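See structure below.
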Amino acid sequence: MEYNHIEIEKKWQRFWKENRTYAVTEDPSKEKFYVLDMFPYPSGAGLHVGHPLGYIASDIVARYKRLKGYNVLHPMGYDSFGLPAEQYAIQTGQHPAITTEQNIQRYRTQLDRIGFSFDWEREVRTSEPSYYKWTQWIFKQLFNSWYNLDLDKAQPIHSLTQIFEKDGNLNIQAACEDIDTFSAAEWNSWDETQQEKVLLNYRLAYLADSWVNWCPALGTVLANDEVKEGVSERGGHPVEQKLMSQWSLRITAYADRLLEGLTQVDFSESLKEQQRNWIGKSKGASVRFTVNDHPLEIEVFTTRPDTIFGVSFMVLAPEHDYVDEITTTENVAAVREYQKATAARSERERQTEVKKVTGEFTGAFAIHPFSGKKIPIWISDYVLASYGTGAVMAVPAGDQRDWDFATHFNLEIPPIFENTDISESAYADKDASLVNSDFLNGLDHTTANEAAIKKIESNGIGAGKINYRLRDAIFSRQRYWGEPFPVYYEKGIPKLLSDDQWVTLPDVDAYLPTEEGEPPLARANKENWNVFQGDRMEYNTMPGWAGSSWYFLRYMDPHNQGDFASKEKMEYWNQVDLYVGGAEHAVGHLLYSRFWTKFLYDLGYISFDEPFKKLINQGMIQGRSNFVYRVKNSNQFVSFGKRKEYDTVRLHVDINLVKDDILDIENFKKWRPEFAEATFVLEDGRYVCGSEVEKMSKSKFNVQTPDLVCDEYGADALRLYEMFLGPLTDSKPWNTSGISGVTGFLKKLWRLFHNENSVFISSDAPSEDELKVLHRTIQKVESDILRFSFNTVVSNLMIAVNELTALKCNNASVLKDLTILLSPYAPHMAEELWSKLGMEGSVSSQSFPAVDEQFLVEDSFTYPVSFNGKMRFKIDLPSSLSKEEIETEVLAYGKTSNYLNGQDPKKVIVVPKRIINIVV
RNA sequence: GCGGAUGUGGUGGAAUUGGUAGACACGCUAGACUUAGGAUCUAGUGCCGUGAGGCGUGGGGGUUCGACUCCCUUCAUCCGCACCA
């Protein structure tokens with residue numbers, strides 16, 4: 001009987017839908033398991049075969065866990081706000097919601113064909129008002145909170161104002177902007193506007209003028225993680241620094257907890273390392289240097305307070321506030337010039353010209369806090385305004401950049417390390433003891449560091465300090481297609497809407513900025529807003545990562561109208577047990593959702609402070625591109641082997657026009673009008689294309705869609721093949737020719753249940769051999785799933801089918817268990833076979849078969865016999881033999897003497913059930 | 001420059017704690033069958049060699065009875081960060 005994947009897959013997909021097979025509800029009597037995929041942005045291009053890789057793996061785990069009796073939450077949804085739909089809207093005038101809806105429909109069709117066990121009744125879309133209402137609600141909570149460093153947690157803002165009313169801010173330890181102290185009397189004397197301004201410095205969501213990454217091409221600001229190598233991650237447009245009034249989230253308050261939390265979660269080492277680097281914690285001290293003839297103090301941050309006697313100059317960032325004040329008249333022209341030049345350079349130029357040493361002397365001097373020496377103050381763009389205090393104490397003996405600067409400008413390089421050579425470069429290692437360093441002389445790095453900090457503190461010129469690279473996250477985007485803020489303005493002061501009010505995206509006449517450069521929402525008239533208060537509404541929208549920072553919670557209770565999710569349901573489903581997704585979200589999405597989780601935990605809404613217990617990054621599936629070679633300035637194409645005889649240009653060719661690297665010339669001519677008259681230089685009568693493995697993308701014409709694979713081979717084959725390709729976490733090229741291996745396996749499996757015309761299953765008792773195959777397979781399949789080794793599970797299923805075929809097994813009880821083993825991987829065929837076995841209902845509601853150990857023991861073992869570690873022959877021995885008996889048997893064996901050459905063996909190593917090694 | 005990961009047949013890959021390197025597939029070779037198919041089955045397939053045998057997990061060295069696996073060193077590729085004081 002033929003195996004017809006089209007019919008079978010349609011049939012069971014309909015069955016699952018009609019029977020709500022994968023719908024799940026909270027059930028306290030069952031242990032829960034939460035398997036989550038990173039939800040996709042529904043792009044216009046649809047899914048290619050790389051996208052489902054992670055979904056298939058997580059689906060297998062979800063199905064396996066169900067068979068093991070867990071109550072499994074396995075939802076899917078869409079991260080449906082985003083730039084592409086908006087860009088399309090700008091070009092065509094079509095509302096992005098329409099484009100988004102169409103794309104979602106396409107995604108859904110594609111996903112449904114692959115046979116996932118998602119509970120679609122829990123679908124969420126970040127662009128749905130019923131969803132982003134709660135994103136706004138979380139923003140309100142952030143706005144209404146401050147971070148109490150004494151308790152190391154976020155607290156409602158009213159607890160702060162109560163303290164202000166009683167004591168001012170004198171005793172407050174808060175994560176906030178640099179702010180002058182004020183008394184209770186002062187606080188109480190201020191009007192509301194003044195109080196609000198002060199409070200903004202404490203709120204976890206705050207409006208402030210900040211230096212932002214402005215991308216003119218996209219017309220919006222970008223967060224640091226959205227900028228790669230000085231250009232925008234999306235589109236690769238230039239990015240410049242601009243001072244703008246923006247909403248920010250005070251993620252820096254959580255820097256240490258985000259770092260600490262990494263020890264609690266099971267993420268890959270490289271991912272944790274990326275987050276650690278991003279947070280960039282460094283320990284050191286802040287020290288204040290007084291400026292000669294000025295009432296100013298310059299604060300610096302250093303990780304090497306032990307090297308303070310090596311300071312021979314100071315460097316400020318060109319943007320530093322004090323530069324204008326301290327620069328002397330003789331130097332002011334050159335300094336201005338330098339500042340201008342720095343400002344004109346883009347972020348990218350600054351990054352690429354790292355090696356060039358530039359700077360200007362301000363003419364001013366600082367006073368060394370211990371030696372009292374006058375040290376010159378310079379400016380240079382190697383000091384970043386955005387890190388630390390924007391100023392450094394330069395220690396050329398110990399820091400290469402300072403050394404380069406000193407050497408370039410002929411500044412002093414005082415030696416402070418014993419027995420080190422600093423004539424060629426700085427000595428940055430921490431293993432030398434100090435000299436020329438007053439009270440630090442003779443001390444090693446660690447001791448000196450402590451001593452220096454102590455002295456700095458006792459002299460009142462600074463303190464030990466921890467610094468972070470992490471910046472607060474800019475939370476405004478000057479775009480249309482994102483969450484609007486629940487904020488209005490009154491006299492320039494931002495105010496929250498009341499608890500029961502929230503904003504829906506207003507209609508606008510165009511999705512572009514206004515002529516005054518205001519964001520698109522500024523185009524909305526008063527009547528376009530569902531809520532309008534104060535002088536105006538907030539025109540910015542939230543960034544793409546807002547909705548994705550908490551979506552895993554909404555899945556737990558997606559239809560809740562009165563709450564972002566009910567406390568009981570969140571308590572039941574709790575953390576995500578397994579999260580599968582791409583590594584590109586390492587520092588963006590994952591850091592933000594960890595931050596929001598900790599925040600919601602602080603306010604008592606949830607009982608866990610890490611969202612994802614375990615995370616797996618699936619590898620990328622690369623495409624295999626094909627190329628044709630066109631002779632320059634002609635319409636002649638040369639076959640791969642002869643291309644070097646001509647001056648050619650390599651062009652991507654659609655892989656659908658190529659089979660086994662041979663070009664379909666007729667269809668190639670029809671592909672594009674300019675190729676209609678093309679001529680070809682062939683080899684062996686054929687046109688051979690070149691090939692290369694590269695990223696799958698439309699522009700490279702190498703995209704493989706899952707739809708096509710499902711049409712030709714079926715969803716089960718697609719699922720099996722994606723897993724069979726290799727370890728989940730590895731990147732690997734997609735190669736369609738290998739898929740015949742898994743279809744062969746499915747057909748072979750099908751034949752176990754059928755003869756030529758019909759189902760052919762025996763109800764006899766299974767044989768010992770059949771049971772051995774079965775139980776060995778159960779054991780292998782289960783242990784491999786548990787270590788996420790999905791490719792070897794497929795191999796083991798293949799081995800089982802090969803062996804059962806050899807045994808001519810058509811035994812119902814063996815095949816029943818085999819079908820359950822198969823069902824997470826090839827659910828459609830498993831359902832079909834399950835019903836052919838005469839069983840009722842869905843195979844997914846069965847129990848995973850248990851291993852019976854008695855079928856795993858073998859009564860004999862084939863020992864490989866090695867001489868000096870080289871395997872020479874094998875010998876079959878009963879498993880029951882002791883080491884000594886095995887040794888006797890082997891030495892008495894005929895072949896052994898051949899390899900001994902008459903010598904006595906020096907030593908015989910016997911590892912039972914492993915190996916015998918004879919040392920000669 | 002710093003950090004992380006990875007190097008195994010013609011190809012994708014396997015080898016759970018150091019114990020038969022190359023499972024399972026693709027591809028290839030030869031054959032069988034045939035209602036000619038992208039079907040099925042049989043045998044073979046790491047490299048060199050007719051053979052016995054030798055060599056083999058990027059290279060070099062080491063530990064061990066025994067190393068893809070552990071240690072040192074070196075090279076290559078990919079990814080991330082990059083003037084972070």
Side-chain angles (χ1 to χ4, degrees), chain A residues 2 228-229 268-278 280-282 284 300-304 307 315 317 350-351 353-357 380-384 386-395 398-402 404-405 467-470 583-584 586-587 617 619-620 659-660 712-713 721 724-727 729-745 747-748 751 780 783-784 786-787 789 791-799 802 805 862-874 905-911 913-920:
Chain A
E2 280 292 300
K228 297 269 146 86
E229 289 166 20
S268 76
E269 202 42 54
S270 84
L271 193 138
K272 287 197 272 193
E273 194 59 27
Q274 280 181 58
Q275 293 211 356
R276 281 188 209 112
N277 288 341
W278 192 259
K281 180 178 184 170
S282 47
V300 299
F301 174 74
T302 175
T303 55
R304 297 288 305 270
T307 64
V315 187
R350 266 177 96 154
Q351 284 185 8
E353 293 169 16
V354 161
K355 291 272 134 59
K356 241 162 114 186
V357 179
S380 172
D381 65 2
Y382 86 85
V383 176
L384 305 175
S386 59
Y387 183 75
T389 59
V392 301
M393 56 174 227
V395 184
D399 183 285
Q400 192 56 44
R401 291 152 308 168
D402 296 345
D404 291 340
F405 196 83
N467 204 34
Y468 297 93
R469 198 188 80 109
L470 183 72
E584 66 273 18
V587 290
N617 292 123
M620 219 195 328
K659 191 161 170 64
D660 298 332
E712 287 199 46
Y713 305 97
Y721 187 55
F724 188 58
L725 227 38
T729 50
D730 289 5
S731 282
K732 54 236 156 187
W734 181 261
N735 182 358
T736 325
S737 60
I739 206 163
S740 60
V742 295
T743 49
F745 159 72
K747 286 179 186 168
K748 211 164 171 181
R751 282 200 297 274
K780 288 290 286 177
S783 66
D784 284 359
L786 290 174
R787 63 190 179 101
S789 174
N791 54 329
T792 53
V793 173
V794 180
S795 301
N796 281 303
L797 290 171
M798 286 174 169
I799 293 169
N802 289 346
T805 303
T862 307
Y863 281 91
V865 182
S866 301
F867 291 80
N868 294 332
K870 274 273 169 213
M871 207 276 288
R872 295 300 178 182
F873 60 83
K874 290 175 185 176
K906 257 193 211 155
K907 199 173 177 185
V908 179
I909 289 127
V910 176
V911 185
K913 302 239 181 111
R914 288 278 186 208
I915 198 176
I916 298 163
N917 189 20
I918 298 169
V919 188
V920 187

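Just so you know, these numbers come straight off a predicted model, no measurement behind them. Below, each value reflects all heavy atoms present in this structure, side chains not excepted, and no hydrogens, waters or symmetry copies. Just so we're on the same page: letters track the sequence lines, and every chain starts at 1.
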Distance-minimising heavy-atom pair for [X] and [Y]:
X	Y	answer
A:N277	A:R469	O-NE, 3.2 Å
A:Y863	A:R914	CE2-N, 3.9 Å
A:T389	A:V300	OG1-CA, 3.4 Å

Using whole Å, what does the distance between atom [atom2] of nucleotide [N] and atom [atom1] of [X] come to?
X	N	atom1	atom2	value
A:I918	B:C65	CD1	C1'	11 Å
A:E584	B:C78	CD	C1'	16 Å
A:K732	B:A25	NZ	P	19 Å
A:Y382	B:A82	OH	C1'	17 Å
A:Q275	B:G4	CD	C1'	14 Å
A:W278	B:C79	CH2	P	18 Å
A:D399	B:G1	CG	P	17 Å
A:Y387	B:C81	OH	P	17 Å

Using a 4.0 Å heavy-atom cut-off, does [X] contact any base of the nucleic acid, only the sugar-phosphate backbone, or nothing at all?
X	result
A:E712	base
A:V911	base
A:I799	sugar-phosphate
A:P727	sugar-phosphate

Any donor-acceptor N/O pair under 3.5 Å between B:U40 base and A:K748 side chain: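 No, no donor-acceptor pair under 3.5 Å.
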B:C81 base / A:N277 side chain donor-acceptor hit below 3.5 Å: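 Counting by modelled atom types and ignoring angles, no donor-acceptor contact under 3.5 Å is found here.
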If we call it a pair only when both distances are under 3.5 Å in a Watson-Crick or G-U wobble match, what pairs with [N]?
N	value
B:A85	none
B:C26	B:G10
B:G18	none
B:C41	B:G31
B:U77	B:A5
B:A52	none

Results of ring pair (Phe, Tyr, Trp, His ring centres under 6.0 Å) for A:F301 - residues two or more places apart only: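 If we apply the ring pair (Phe, Tyr, Trp, His ring centres under 6.0 Å) test to A:F301, skipping adjacent residues, there are no hits.
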Output yes when at least one side-chain N/O atom of [X] is less than 4.0 Å from OP1 or OP2 of [N], else no.
X	N	answer
A:R751	B:C41	yes
A:S282	B:A85	yes
A:N791	B:A14	yes
A:N802	B:A25	yes
A:R276	B:G80	no

How far, in whole Å, is [M] from [N] if one measures between their [atom1] atoms?
N	M	atom1	value
B:U8	B:A76	C1'	15 Å
B:A30	B:A25	P	22 Å
B:A85	B:C2	C1'	16 Å
B:U20	B:U69	P	13 Å
B:C70	B:U17	C1'	13 Å
B:C26	B:G13	P	16 Å
B:A14	B:C68	C1'	11 Å
B:C47	B:A15	P	23 Å

Nearest-nucleotide comparison on RNA chain B, the residue closer to the 5′ end among A:V392 and A:N735: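 It is A:N735 whose nearest nucleotide is closer to the 5' end.
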Upstream residue (5' side of RNA chain B) when A:Q274 and A:K780 are each assigned their closest nucleotide: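 This one resolves to A:K780.
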B:G53 glycosidic torsion: syn (within 90° of 0) vs anti: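 What B:G53 shows is an anti base, its glycosidic angle lying more than 90° from 0.
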Inter-residue atom distance A:I739.CD1 - A:W734.CH2, 0.5 Å rounding: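 Interatomic distance, A:I739 CD1 to A:W734 CH2, rounded to 0.5 Å: 5.0 Å.
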Atom pair CD/CG of A:E584 and A:N617 - distance to nearest 0.5 Å: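 CG of A:N617 is found 8.0 Å from CD of A:E584.
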Selected nucleotide, minimal atom distance to [X] side chain, candidates [options]:
X	options	result
A:K874	B:A85, B:A15, B:U20	B:U20
A:R914	B:C65, B:A15, B:U17	B:U17
A:R401	B:U40, B:A85, B:G12	B:A85
A:S795	B:C84, B:C65, B:A23	B:A23
A:D381	B:C83, B:U16, B:A15	B:C83
A:I915	B:U20, B:C84, B:G13	B:U20
A:R787	B:A85, B:A15, B:A23	B:A15
A:R469	B:A85, B:A82, B:C24	B:A82
A:M798	B:U17, B:C24, B:G3	B:C24

Residue of the set A:R276, A:Q274, A:Q275 for which side chain to side chain contact (heavy atoms under 4.5 Å, CB included) holds with A:K272: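 One option only clears the test, and that one is A:R276.
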Side chain A:D402, main chain A:V395, donor-acceptor under 3.5 Å: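 Between the backbone of A:V395 and the side chain of A:D402 there is a qualifying donor-acceptor contact (under 3.5 Å).
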Aromatic plane relationship, A:F873 with A:F867 - under 30° parallel, 30 to 60° tilted, over 60° perpendicular: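 The rings of A:F867 and A:F873 sit tilted, inter-plane angle from 30° to 60°.
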